[in-house]
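For the numbers below, each heavy atom of this structure counts, side chains included, while hydrogens, waters and symmetry mates do not.
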Amino acid sequence: QVQLVESGGGLVQAGGSLRLSCAASGRTVSSFGMGWFRQAPGKEREFVAAISWSGGNTYYTDSVKGRFTISRDNAKNTMYLQMNSLKPEDTAVYYCAARGGRLYAISPEEYDYWGQGTQVTVSS
């Protein structure tokens with residue numbers, strides 16, 4: 001089993017930055033594809049970014065391209081999401097996820113493990 005714990009969320013003004021972390025435990029996730037999703041109140045969970053097992057391939061939803069950067073440190077069993085130029089519409093609970101396949105995926109159904117989420121609130 002894999003346990004995922006997100007951290008780094010908080011309240012920030014528009015234009016500010018936050019760095020989310022996703023720490024894995026229970027087993028190494030170095031061979032797992034991983035991703036970030038978010039869910040705003042009253043909306044469905046949506047894909048944000050994903051990264052392959054080695055970090056060599058990444059993919060972003062259009063709304064965050066150029067502002068967010070996904071990365072991972074397999075030695076630390078941890079994934080990150082650097083969020084810059086934040087906008088009020090980025091406000092949501094952010095979840096990290098891991099899947100047994102080495103490649104990334106953009107559908108939440110393709111992920112096997114989920115964290116509990118961390119709140120990100122961007123004020124205007």
From [atom1] ([X]) to [atom2] ([Y]), nearest 0.5 Å:
X: Ser30; Y: Arg72; atom1: OG; atom2: CZ; result: 7.5 Å
X: Met34; Y: Thr58; atom1: CE; atom2: OG1; result: 14.5 Å
X: Ser31; Y: Asn74; atom1: OG; atom2: CG; result: 8.5 Å
X: Asn84; Y: Thr69; atom1: CG; atom2: OG1; result: 6.5 Å
X: Ser71; Y: Arg19; atom1: OG; atom2: CZ; result: 6.0 Å
X: Lys87; Y: Ser124; atom1: NZ; atom2: OG; result: 14.0 Å

### Message
Can you tell me if Tyr59 has over 12 outside heavy atoms packed within less than 6.0 Å of its OH?
### Response
no

Hey, does the side chain of [X] reach the backbone of [Y] with a donor-acceptor pair shorter than 3.5 angstrom?
X: Tyr95; Y: Gln39; value: no
X: Glu6; Y: Cys96; value: yes
X: Asn57; Y: Ser52; value: no
X: Thr78; Y: Lys76; value: yes
X: Asn77; Y: Gly26; value: no
X: Arg67; Y: Ser85; value: yes

Do [X] and [Y] belong together in a cluster built from hydrophobic side chains that touch within less than 4.5 Å?
X: Tyr104; Y: Phe32; result: no
X: Tyr111; Y: Leu4; result: no
X: Met79; Y: Val29; result: yes
X: Trp114; Y: Leu81; result: no
X: Ile70; Y: Trp53; result: no

### Query
What pairs with Lys65 under salt bridge (Lys or Arg N to Asp or Glu O under 4.0 Å), at least two apart in sequence or on another chain?
Asp62

### Task
Grab the two heavy atoms, one from Ala105 and one from Ala50, that are nearest each other, plus how far apart they are.
O-CB, 3.7 Å

### Query
Looking only at heavy atoms, which two atoms of Val2 and Ala24 are closest? And how far apart?
CG1-CB, 4.4 Å

Side-chain contact test, heavy atoms from C-beta onward, threshold under 4.5 Å: evaluate it for [X] versus [Y] and give yes or no.
X: Thr91; Y: Gln119; answer: yes
X: Tyr80; Y: Asp73; answer: yes
X: Leu18; Y: Phe68; answer: no
X: Met83; Y: Val12; answer: no

### Query
Do the rings of Phe37 and Phe47 sit parallel, tilted or perpendicular, given the 30° and 60° boundaries?
perpendicular

### Message
As a quick check of understanding, evaluate side-chain hydrogen bond (donor to acceptor under 3.5 Å, both in side chains) for Tyr94 and Arg38, giving each step before the final call.
### Response
CA-CA 4 Å; Tyr94 282 70; Arg38 65 187 180 187; 2.9 Å; yes

